[in-house]
Amino acid sequence: MDVPFCMLSSNSPVAFACSQTCGLLVLQVLPCSLTSLQLKLVNPTQCRFEHLATQLKWRLQEGRGEAVYQIGVEDNGLLVGLSEGDMRASLKTLRRMAEKVGADITLLREREVDYDLDGNCRKIAEVLVRKVPDDQQFLDLRVAVLGNVDSGKSTLLGVLTQGELDNGRGRARLNLFRHLHEIQTGRTSSISFEILGFNSKGEVVNYSDSRTAEEICESSSKMITFIDLAGHHKYLKTTIFGLTSYCPDFAMLVVSANTGIVGTTREHLGLAMALKVPIFIVVSKVDLCARGTVERTVRQLEHVLKLPGCNKVPMVVACPDDAVTAAQQFAQSSSITPIFTLSSVSGDNLDLVKVFFNILPPLSNSKEQEELMQQLTEFQVDEIYTVPDVGTVVGGTLYSGVCCEGERLVVGPTDEGRFLKLKVGSIQRNRSACRVLRAGQAATLALGNFDRSLLRKGMVMVSPKMNPTICWQFEAAIVLLFHAKTFRRGFQVTVHVGNIRQTATVDCLHGKEELRTGERAVVCFRFIKHPEYLRMGAKLLFREGVTKGIGHVTSLLIAFTSKGKI
């Protein structure tokens with residue numbers, strides 16, 4: 001959608017337009033004559049300035065609080081550039097516009113593109129404009145962290161979120177572990193969450209400057225929530241649950257430079273691709289290897305990414321300019337796969353990852369989120385706790401609607417297929433208090449004295465108006481990714497659909513007697529333990545030993561609502 005956007009001196013014959021793609025704002029020249037044209041934001045009239053500021057405010061709302069301006073670019077993408085004086089004046093005008101709407105600007109990069117007739121250099125600039133949204137809801141992106149055991153996932157997150165380099169013996173990861181055996185073995189076995197903030201000026205906000213998560217949230221305009229997943233194969237079901245249930249926006253695959261692609265690395269890459277989660281790669285522990293070893297690992301990754309099953313375009317990030325380009329192209333194209341090489345001990349190239357996270361835009365725009373918010377409330381229950389003096393607490397993601405303190409919902413289904421009434425007490429996001437929860441946001445909800453034994457992972461909390469549909473049997477169109485023999489009726493698999501994880505039996509294969517690796521079919525599954533709440537079209541992943549497959553739900557069989565059988 002293009003919007004007229006004039007930013008010229010009063011006697012200029014040129015008009016400008018803003019075109020937005022994936023939250024990025026681009027200033028472009030629309031030529032009105034055959035005259036050589038230049039992009040300028042010089043001396044706008046007061047009326048024009050007010051108009052521009054209003055348009056900037058709208059663009060920030062569309063980009064959920066962020067926009068990137070490219071100054072000095074023609075409508076056809078030609079890099080025309082501005083003189084030094086015009087560039088200074090343009091940035092000054094842009095800064096005034098940002099102040100008008102309560103935002104800050106950060107110069108991302110400036111490049112020389114040409115010289116004018118007098119031999120003076122002409123430049124283009126990219127500027128990040130960011131503000132805290134009017135409702136004080138910071139932009140939140142979720143990043144799932146994948147990789148083989150001992151690849152350095154938790155250590156990297158510890159360095160990013162704590163603001164201190166590792167000592168080479170795992171000190172940075174200690175604050176991330178949730179269990180004693182994790183500290184003793186140095187291996188993650190559960191799902192943990194860590195946060196990294198950026199303020200409106202693009203500066204990092206982490207625990208080096210703030211004591212608590214609440215302080216980080218208050219100081220940040222943008223938040224990166226890392227979902228630290230297990231790398232060992234014995235905890236694969238936990239890793240799959242984290243990928244399917246917490247709905248990550250992106251996935252970060254961590255590969256150790258000294259070992260390369262080993263263990264569960266390929267499996268984690270395949271899981272992210274099967275669930276269509278955009279993925280980028282971090283090669284860690286470069287301080288332990290010679291340059292040749294690091295280059296060999298990168299070449300190995302490039303080879304795997306280019307294979308027919310992946311069809312990715314690897315992009316090695318070597319400088320801040322590469323990081324800016326990678327963040328923009330990564331959000332626009334699912335085939336682009338940035339590759340970073342860094343060390344959590346020496347800090348080499350750590351700043352490139354921070355630049356990447358700072359600029360990385362959200363995949364959804366404000367319109368899509370508003371459409372989800374207008375639907376009835378649906379909250380997925382992923383974790384259940386008992387907190388002293390608070391009572392029962394559930395953690396999860398709000399799939400649709402809006403949830404407020406004091407709201408009355410129903411939770412289920414129980415083993416008998418019923419939904420139970422409850423009341424939401426307090427709400428916390430990223431360990432800080434929150435009064436209103438919006439669609440797509442993850443949080444914990446306090447339920448007071450509600451009996452914890454009645455809850456389980458995989459349940460949903462929905463509006464009483466929804467009359468949710470649940471089922472024992474469902475059909476799914478699947479692709480069998482791998483199976484040692486043949487996949488046939490009576491086979492039992494563990495099915496993952498969103499936050500649901502339950503064993504199901506294959507009741508029948510439509511049109512076929514059996515399936516082999518790579519084949520497709522519509523399969524009827526039956527849950528073994530209890531009914532579940534399913535949505536049509538939901539992504540499905542199933543596994544049993546070496547058997548793996550993906551698909552989506554096509555129909556619900558033997559379905560009934562909370563009021564009775566359909």
Side-chain angles (χ1 to χ4, degrees), residues 241 244-247 275 368 371-382 384 394 396-403 407-424 437-442 445 447 450 454-478 492-510 521-542 549-566:
F241 181 81
T244 57
S245 179
Y246 291 103
C247 307
L275 295 169
E368 292 172 351
E371 290 175 352
L372 282 173
M373 287 167 56
Q374 290 170 1
Q375 299 175 17
L376 292 175
T377 303
E378 180 183 328
F379 182 87
Q380 299 178 349
V381 177
D382 301 330
I384 304 167
V394 295
T397 305
L398 187 66
Y399 179 80
S400 62
V402 175
C403 183
E407 188 166 352
R408 297 187 180 275
L409 302 172
V410 292
V411 62
T414 62
D415 291 352
E416 300 80 26
R418 295 187 302 114
F419 279 76
L420 309 172
K421 295 180 181 180
L422 55 78
K423 181 181 178 181
V424 176
L437 189 64
R438 291 166 172 79
Q441 296 177 345
L445 312 181
L447 306 181
F450 190 86
L454 299 175
L455 299 172
R456 60 174 173 81
K457 294 181 182 180
M459 282 185 166
V460 289
M461 294 166 51
V462 298
S463 168
K465 300 177 183 178
M466 183 178 284
N467 193 21
T469 303
I470 53 182
C471 68
W472 278 97
Q473 269 185 298
F474 68 96
E475 288 184 347
I478 68 163
Q492 289 190 352
V493 294
T494 301
V495 173
H496 296 263
V497 186
N499 63 334
I500 295 169
R501 181 176 66 195
Q502 189 184 156
T503 303
T505 301
V506 177
D507 268 9
C508 68
L509 285 75
H510 292 293
V522 176
V523 178
C524 178
F525 292 97
R526 179 191 291 270
F527 290 121
I528 287 182
K529 293 183 65 178
H530 41 69
E532 298 284 9
Y533 168 79
L534 291 178
R535 287 189 303 271
M536 295 289 290
K539 293 177 184 176
L540 172 145
L541 190 148
F542 61 88
I550 59 171
H552 64 277
V553 177
T554 56
S555 65
L556 307 180
L557 307 175
I558 314 182
F560 52 96
T561 69
S562 56
K563 296 182 179 178
K565 189 171 181 179
I566 295 177

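Just so you know, residue 1 is the first one in the sequence shown, and it goes up from there. Worth saying up front: this structure is predicted, and the values here are computed from it rather than measured.
- L376 places none of its side-chain heavy atoms less than 4.5 Å from the side chain of V462.
- Atoms CG and CG, on L420 and L409 in that order, are 12.5 Å from each other to the nearest 0.5 Å.
- Proximity of a side-chain donor or acceptor of T397 to a complementary backbone N or O of Q441 within less than 3.5 Å is not detected.
- Rounded to the nearest 0.5 angstrom, L556 CG and F474 CZ are separated by 9.0 Å.
- Atom CD of residue E532 and atom CD1 of residue I500 lie 4.5 Å apart, to the nearest 0.5 angstrom.
- Few gaps surround CZ on F241; more than 12 heavy atoms of other groups in view lie less than 6.0 Å from it.
- Minimum interatomic distance between K421 and F450 (heavy atoms only, all atoms of both residues): O-CE1, 3.5 Å.
- The closest donor-acceptor contact from the side chain of Q502 to the backbone of K529 lies under 3.5 Å.
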>> Under the criterion side chain to side chain contact (heavy atoms under 4.5 Å, CB included), I'd like the reasoning laid out for T244 against V497: C-alpha separation, chi angles, the key distance, then a yes or no.
In response: CA-CA 7 Å; T244 57; V497 186; over 6 Å; no

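- Using a 4.5 Å heavy-atom threshold, the side chains of F419 and P468 count as touching.
- Side-chain contact between F542 and V523: absent, with no pair of heavy atoms (C-beta onward) separated by less than 4.5 Å.
- Using a 4.5 Å heavy-atom cutoff, the side chains of V460 and Y399 are not in contact.
- Among residues two or more places apart in sequence or in another chain, the side-chain hydrogen bond (donor to acceptor under 3.5 Å, both in side chains) test is passed with D507 by Q473, R526.
- N499 places no side-chain N or O within 3.5 Å of a backbone atom of D382 that could act as its donor or acceptor partner.
- When only modelled atom types and interatomic distance are considered, S555 and E475 share a side-chain donor-acceptor pair under 3.5 Å.
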>> Go through it in stages, so that I can follow the logic: the residues are Y533 and M466, the test is side chain to side chain contact (heavy atoms under 4.5 Å, CB included), and I'd like the CA-CA distance, side-chain angles, deciding distance and then a yes or no.
In response: CA-CA 12 Å; Y533 168 79; M466 183 178 284; 3.9 Å; yes

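- Using a 4.5 Å heavy-atom cutoff, the side chains of L454 and T414 are not in contact.
- Proximity of V394 to M459: side-chain heavy atoms (C-beta onward) are nowhere separated by under 4.5 Å.
- S400 and Q375 make their closest contact through CB-OE1, 3.7 Å (heavy atoms, listed as atom of the first residue, atom of the second, distance).
- Here the shortest heavy-atom pairing between L437 and A442 reads CD1-O, 4.4 Å.
- For R456 against D415, the heavy-atom pair with the smallest separation is NE-OD1, 4.5 Å.
- When all heavy atoms of A504 and I528 are compared, the pair lying nearest together is CA-CG1, 4.4 Å.
- Annotation: side chain of R501 is in contact with side chain of T494 (closest heavy-atom distance under 4.5 Å).
- For the pair L447 and M461, the minimum side-chain heavy-atom distance is below 4.5 Å.
- Taking all atoms of both residues into account, the shortest heavy-atom contact from L557 to C524 is CD1-SG, 3.7 Å.
- For the atom pair NE2 (H496) and NZ (K539), the distance works out to 15.5 Å, reported to the nearest 0.5 Å.
- Annotation: the span from F525 atom CZ to L534 atom CG amounts to 11.5 Å, rounded to 0.5 Å.
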